[in-house]
Protein chains: 2
Amino acid sequence: MNYKIKSRIWIEVDGHILLGEGRVHLLKAIEETGSLSKAAKLLGMSYKKAWSLIDAVNKRAEKPVTTTSIGGKGGGGASLTAYGKSLVETFETINENCWKFLDAQIKNSKLK
Amino acid sequence: MNYKIKSRIWIEVDGHILLGEGRVHLLKAIEETGSLSKAAKLLGMSYKKAWSLIDAVNKRAEKPVTTTSIGGKGGGGASLTAYGKSLVETFETINENCWKFLDAQIKNSKLK
DNA sequence: ATTCGTTATATTTGATAAGTCATAACGCTT
DNA sequence: AAGCGTTATGACTTATCAAATATAACGAAT
């Protein structure tokens, strides 16, 4: 059969999204590049889009997820806080577990 | 903590969506009402939107998911095929299992 | 002082999705 | 024959979201 099961998970706080796959992807790109603008470029996303995503995350999370600096050597930059790194890691672990779980589910169903 | 984990699952065929939560919801409403127009009204959805969703499902699925009749007693109607009912049931079972699984996952994480 | 690359933000434009209207075909009921 | 409620479409309008553009602030380096 051609049927494939897919999933997306996200974390909400107060009924608003805090973290989803896209935001996690962006946070990881920030960690790699040390810059929000470079991370946006890496993902083919406009800077504004990237900035508003990160802004939303920081406003919803109980503690800041990124730190930024303006000006200076290299013009500035952005990086993840320890809390941000732990959020990303937790999310990715649960997400991968979810995929494996669903794979097993579809194998036991009539669809496969 | 206020963090809640949420998920959506869907079934794809050839890279296009076949069935998701919204479509399943609509199929169940058709099963209840025996009519596409009544199902759309029940869900606060335009008839056209409902029709194009069902049309897409029937075009992607390997077998028809609904049967319809035009004219006659009551003007016509729509109902699920046996295959459609089995698709809905399989989807809902996997979906509920996924929720339970994620609840367990979040309880074992640092977030809870 | 000027340049540079970045963060931060508002404004405008464009693209895409969704919603609204209108209309035809159909077959039972009256 | 006429009416009714439904399925089935197309045309048009509206709303929503993403993208592009412009601008300011900042601090180190030159």
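All figures in this text were calculated on a predicted structure; none of them were measured in a lab. A note on names: the letters A, B, ... follow the listed sequences, proteins ahead of strands, and every chain is numbered from 1.
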Inset, instruction - Taking the side chain as every heavy atom from C-beta outward, state whether B/Thr90 and B/Ile11 have any atom pair closer than 4.5 Å. - result: no

Inset, instruction - Starting at atom CG of B/Leu36, determine the distance to atom P of D/dT9, rounded to an integer number of angstrom. - result: 12 Å

Inset, instruction - Whole angstrom is fine here: how far is it from CG in B/Leu53 over to P in D/dA8? - result: 14 Å

Inset, instruction - Can you measure from CD1 (B/Ile94) to OG (A/Ser7) and round to the nearest 0.5 angstrom? - result: 11.5 Å

Inset, instruction - Check whether any side-chain N or O of A/Ser69 sits under 4.0 Å from OP1 or OP2 of C/dT7, and answer yes or no. - result: no

Inset, instruction - May I ask you to test the B/Gln105-B/Ile5 pair for a side-chain heavy-atom distance under 4.5 Å? - result: no

Legend entry - B/Trp51 vs D/dA8: side-chain N/O to OP1/OP2 distance below 4.0 Å: yes

Inset, instruction - Would you please confirm or rule out a distance under 4.0 Å between OP1 or OP2 of C/dT7 and any side-chain N or O of A/Ser35? - result: yes

Inset, instruction - Report, as a single string ordered 5' to 3', how protein heavy atoms within less than 4.0 Å touch nucleotides 18-30 of chain D: B base, S sugar-phosphate only, - not at all. - result: S-B----BBBS--

Inset, instruction - Assess the side chains of A/Ser37 and A/Ser35: does a donor N or O sit below 3.5 Å from an acceptor N or O? - result: yes

Legend entry - side-chain hydrogen bond (donor to acceptor under 3.5 Å, both in side chains) partners for B/Thr81, two or more places apart: none

Inset, instruction - Round to the nearest Å and state the distance from A/Ile30 atom CD1 to C/dA8 atom P. - result: 10 Å

Legend entry - Any residue of residues 7-20 of chain A with a heavy atom less than 4.0 Å from an atom of DNA chain D: none

Legend entry - Donor-acceptor contact below 3.5 Å, side chain B/Asn58 vs main chain B/Thr66: yes

Legend entry - Gap between atoms CG and P, on A/Asp55 and C/dA10 respectively (whole Å): 10 Å

Inset, instruction - Taking the side chain as every heavy atom from C-beta outward, state whether B/Leu53 and B/Met45 have any atom pair closer than 4.5 Å. - result: yes

Inset, instruction - Verify the contact: side-chain N or O of B/Thr68 to OP1 or OP2 of D/dA8, cut-off strictly under 4.0 Å; return yes or no. - result: yes

Inset, instruction - Report yes if the side chains of A/Glu62 and A/Tyr83 come closer than 4.5 Å at any heavy-atom pair, otherwise no. - result: yes

Legend entry - pair A/Phe101-A/Asn97: side-chain heavy atoms closer than 4.5 Å: no

